[in-house]
Amino acid sequence: MLERASLTTPRGSWSFSDLALDPFGLIDRVSNTGHLKLTGTKSEEVVSALLALDGKVPIVLLGDTDIEMHPGDGDKTKWGFLTSGSTGKPKLVFHTLSAITRNRSNRESSSGTWAFFTDIARMAGFQVVLEAVMRRENLAIPDRDMTLVEKVDFLIEN
């Protein structure tokens, strides 16, 4: 089922099954403290981390943060996100995939393609990716530094 779904970004297109094989060597990039930091500028790396690293890496940090990390505990990967900062300075919060998905209903796949402008390294963007992955549906994600016109053109093409 994974092989039918895919991710397309400005840098290429990958099946979910290929991304689950860690094609970007993310596991090798885990620091000696046991965490991997992804800024979200390469959506394909974030989706690959979701598919390949959960349960294999103690902590995956998403977003631009300079927070010092220490090894995680337990056997579940902790996914770290910066909050929006709506009540002050953004804070780093952690979730497991099982916590994020526990209230998810089992919806059928529509064989559609998800497209969005939300930052993949923020909770809202990650949840869209997670929903598409769980449904085994396609994703088309423009780079966040593209202009609005470039994003729309990219999505129309894909």
Side-chain angles (χ1 to χ4, degrees), residues 1-65 69 72 74-82 92-146 150-158:
M1 195 79 155
L2 273 179
E3 54 280 341
R4 290 195 329 232
S6 66
L7 166 69
T8 301
T9 74
R11 283 164 300 287
S13 187
W14 301 266
S15 71
F16 284 2
S17 57
D18 287 342
L19 290 172
L21 298 174
D22 189 20
F24 308 108
L26 300 175
I27 198 85
D28 294 332
R29 290 168 37 193
V30 173
S31 73
N32 60 0
T33 60
H35 74 276
L36 174 68
K37 180 182 170 188
L38 299 171
T39 62
T41 57
K42 292 185 178 175
S43 301
E44 58 272 16
E45 291 184 349
V46 175
V47 176
S48 182
L50 171 65
L51 293 166
L53 302 186
D54 194 55
K56 297 177 184 166
V57 174
I59 297 170
V60 177
L61 280 175
L62 298 175
D64 297 317
T65 178
M69 294 304 306
D75 59 352
K76 291 188 177 183
T77 298
K78 307 289 189 294
W79 295 81
F81 304 88
L82 287 172
L92 186 62
V93 295
F94 291 91
H95 297 281
T96 61
L97 291 185
S98 59
I100 297 171
T101 61
R102 77 171 156 250
N103 293 325
R104 184 189 169 279
S105 62
N106 286 331
R107 295 182 207 110
E108 295 282 327
S109 171
S110 66
S111 300
T113 298
W114 292 66
F116 61 98
F117 297 146
T118 310
D119 185 349
I120 194 171
R122 296 289 186 149
M123 186 62 163
F126 191 75
Q127 284 181 305
V128 172
V129 169
L130 187 57
E131 185 71 20
V133 166
M134 291 178 75
R135 288 181 178 216
R136 305 298 192 252
E137 294 181 324
N138 299 319
L139 281 163
I141 306 175
D143 284 345
R144 62 184 181 190
D145 62 347
M146 294 170 109
E150 290 170 331
K151 288 178 182 181
V152 170
D153 288 344
F154 172 81
L155 294 176
I156 289 170
E157 289 174 26
N158 296 285

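Scanning for salt bridge (charged side-chain N to carboxylate O under 4.0 Å, His left out) contacts around D143 gives R11, with sequence neighbours left out. Every residue meeting the side chain to side chain contact (heavy atoms under 4.5 Å, CB included) condition with D54, not counting sequence neighbours, appears here in chain and number order: T77, W79, L97. In this structure, the side chain to side chain contact (heavy atoms under 4.5 Å, CB included) partners of A132, at least two apart in sequence or on a different chain, are W114, L139. In this view, E150 and T147 satisfy the side-chain hydrogen bond (donor to acceptor under 3.5 Å, both in side chains) rule, not counting sequence neighbours. Residues passing the ring pair (Phe, Tyr, Trp, His ring centres under 6.0 Å) test with F154: none are found, sequence neighbours excluded. Scanning for ring pair (Phe, Tyr, Trp, His ring centres under 6.0 Å) contacts around F81 gives F126, with sequence neighbours left out. With sequence neighbours left out, T96 forms a side chain to side chain contact (heavy atoms under 4.5 Å, CB included) with K76, K78, S98, A99. Remark: T118 engages no residue in a side-chain hydrogen bond (donor to acceptor under 3.5 Å, both in side chains) (not counting sequence neighbours). The side-chain hydrogen bond (donor to acceptor under 3.5 Å, both in side chains) test applied to D119 returns R144, not counting sequence neighbours.
Residues L155 and P142 share a closest heavy-atom pair of CD2-CD, 3.8 Å. Across every non-hydrogen atom of G63 and K37, the tightest pair is O-CE, 3.6 Å. The minimum heavy-atom distance between P23 and S48, with the atom names listed, is CD-OG, 3.5 Å.
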**OP:** Could you go through the side-chain contact (heavy atoms from CB on, under 4.5 Å) check for V47 and I120 one step at a time?
**Re:** CA-CA 9 Å; V47 176; I120 194 171; 4.1 Å; yes
**OP:** Verify side-chain contact (heavy atoms from CB on, under 4.5 Å) between I141 and V129, making sure each step is shown before the conclusion.
**Re:** CA-CA 9 Å; I141 306 175; V129 169; 4.1 Å; yes
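One finds the CG atom of L92 at 9.5 Å from the CG atom of L62 (value rounded to the nearest 0.5 Å). How far CZ of F117 is from NZ of K151: 6.5 Å, rounded to the nearest 0.5 Å. Going from atom CZ of F16 over to atom OG of S6 covers 7.0 Å, rounded to the nearest 0.5 Å. How far OG of S17 is from CG of L51: 9.0 Å, rounded to the nearest 0.5 Å. Taking CG from L26 and NZ from K56, the interatomic distance works out to 11.0 Å, rounded to the nearest 0.5 Å.
In this structure, K42 fails the cation-pi test against F24, since its NZ or CZ atom is not both closer than 6.0 Å to the six-membered ring centre and inside 45 degrees of the ring normal.
Evaluation of the side-chain hydrogen bond (donor to acceptor under 3.5 Å, both in side chains) test over residues 18-29, restricted to residues two or more places apart or in two chains, returns S15-D18, R29-E45.
Distance alone, capped at 3.5 Å, places no donor-acceptor pair between the S13 side chain and the T8 backbone.
Residues V60 and F94 have side chains not in contact (no heavy-atom distance under 4.5 Å, counting atoms from C-beta outward).
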